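Values in this document were obtained by computation on a predicted structure and should not be read as measured data. One is the number of the first residue; the rest follow in order along the sequence.
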Amino acid sequence: MSFKPSPDRRSQYAVFRKIPTRWSDNDMYGHVNNVVYYGWFDTAINALLIERGVLDIYHGEVVGFVVETQCNYFAPLAFPQTVEAGIRVTQTGGSSVRYEIGLFAEGAETAAAQGHFVHVYVDRKSQRPVELSPELAAVVHTLMKV
């Protein structure tokens with residue numbers, strides 16, 4: 001039995017980030033290439049964590065590794081649109097977080113694409129999982145939306 005996903009609505013996400021498209025994002029068919037969507041997922045999540053002071057990509061002792069990812073596509077996006085990335089968290093574990101991202105054309109009520117990244121947070125040197133810091137857990141809590 002297969003499950004056919006349907007696009008989420010804007011109200012299902014906790015926070016939003018604007019991401020401008022670039023000329024080079026378009027493929028030969030005139031819409032954004034699939035690989036770019038995953039870059040937007042990464043950008044939305046990591047920029048938010050950096051801005052909130054819980055991720056230091058250069059000197060932090062803990063980094064998040066993507067261990068699972070997935071994306072469903074519903075409508076094309078293309079340069080020169082602005083994309084609005086909705087972010088929410090639906091699950092956490094001792095060392096992991098499932099971030100869900102909806103990509104919306106600017107002002108649209110339903111997602112053009114949506115998916116998830118699961119990050120496992122690890123010690124930068126040993127690359128072994130570590131517990132979420134209290135600071136990261138607090139930020140993640142603000143993103144919880146089911």
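- The shortest side-chain heavy-atom distance between L143 and L48 falls under the 4.5 Å cut-off.
- A pairwise comparison of heavy atoms in L77 and Y37 identifies N-OH, 3.7 Å as the closest pair.
- R88 approaches A14 most closely through the heavy-atom pair CB-N, 4.2 Å.
- The two residues Q81 and A105 come nearest to each other via the heavy atoms NE2-CB, 3.6 Å.
- To the nearest 0.5 Å, the span separating OG1 on T92 from NE2 on H141 amounts to 10.0 Å.
- Side chains of E61 and V130 form no contact here, defined as non-hydrogen atoms less than 4.5 Å apart.
- Atom CZ of F104 sits about 5.5 Å away from atom OH of Y13, to the nearest 0.5 Å.
- In this structure, V66 and Y38 have side chains that are not in contact, with every pair of non-hydrogen atoms separated by 4.5 Å or more.
- Here the side chain of T69 pairs a donor or acceptor atom with the backbone of H116 at under 3.5 angstrom.
- Hydrophobic clustering of Ile, Leu, Val, Met, Phe, Trp and Tyr side chains at less than 4.5 Å, counting indirect connections, unites I45 with I50.
- By the 30° and 60° cut-offs, the orientation of the rings of Y99 relative to Y121 is perpendicular.
- The backbone N or O of G60 sits less than 3.5 Å from a side-chain atom of R124, completing a donor-acceptor pair.
- Counting all heavy atoms, side chain and backbone alike, P20 lies closest to D25 at O-OD2, 4.5 Å.
- Of all non-hydrogen atoms in A44 and I19, the two that sit nearest each other are CB-CD1, 4.4 Å.
- Criterion: ILVMFWY side-chain heavy atoms under 4.5 Å apart, direct or through other members. Under it, F117 and F65 are not part of a common hydrophobic cluster.
- Nearest approach of T82 to K18, heavy atoms of both residues: CG2-CB, 4.2 Å.
- Side-chain atoms of Q12 come within 3.5 Å of backbone N or O of R9 as a donor-acceptor pair.
- Here D8 contributes atom CG and I101 contributes atom CD1; the two are 11.0 Å apart, rounded to the nearest 0.5 Å.
- Side-chain contact between H119 and N46 is present, with at least one heavy-atom pair separated by less than 4.5 Å.
- Judged by distance alone, the side chain of Q114 and the main-chain N or O of E100 form no donor-acceptor pair under 3.5 Å.
- Between the side chain of N33 and the main chain of V36, no donor-acceptor pair closer than 3.5 Å is present.
- Between L49 and L136, some side-chain heavy-atom pair lies under the 4.5 Å cut-off.
- Distance alone, capped at 3.5 Å, is enough to place a donor-acceptor pair between the N26 side chain and the F79 backbone.
- In this structure, V63 and I57 have side chains that are not in contact, with every pair of non-hydrogen atoms separated by 4.5 Å or more.
- By the 4.5 Å heavy-atom criterion applied to side chains, N72 and Q70 are counted as neighbours.
- When side chains are defined from C-beta on, W40 counts as touching V83, because their heavy atoms get closer than 4.5 Å.
- Both V118 and V122 belong to a single network of hydrophobic side chains, linked directly or stepwise wherever heavy atoms of I, L, V, M, F, W or Y lie under 4.5 Å apart.
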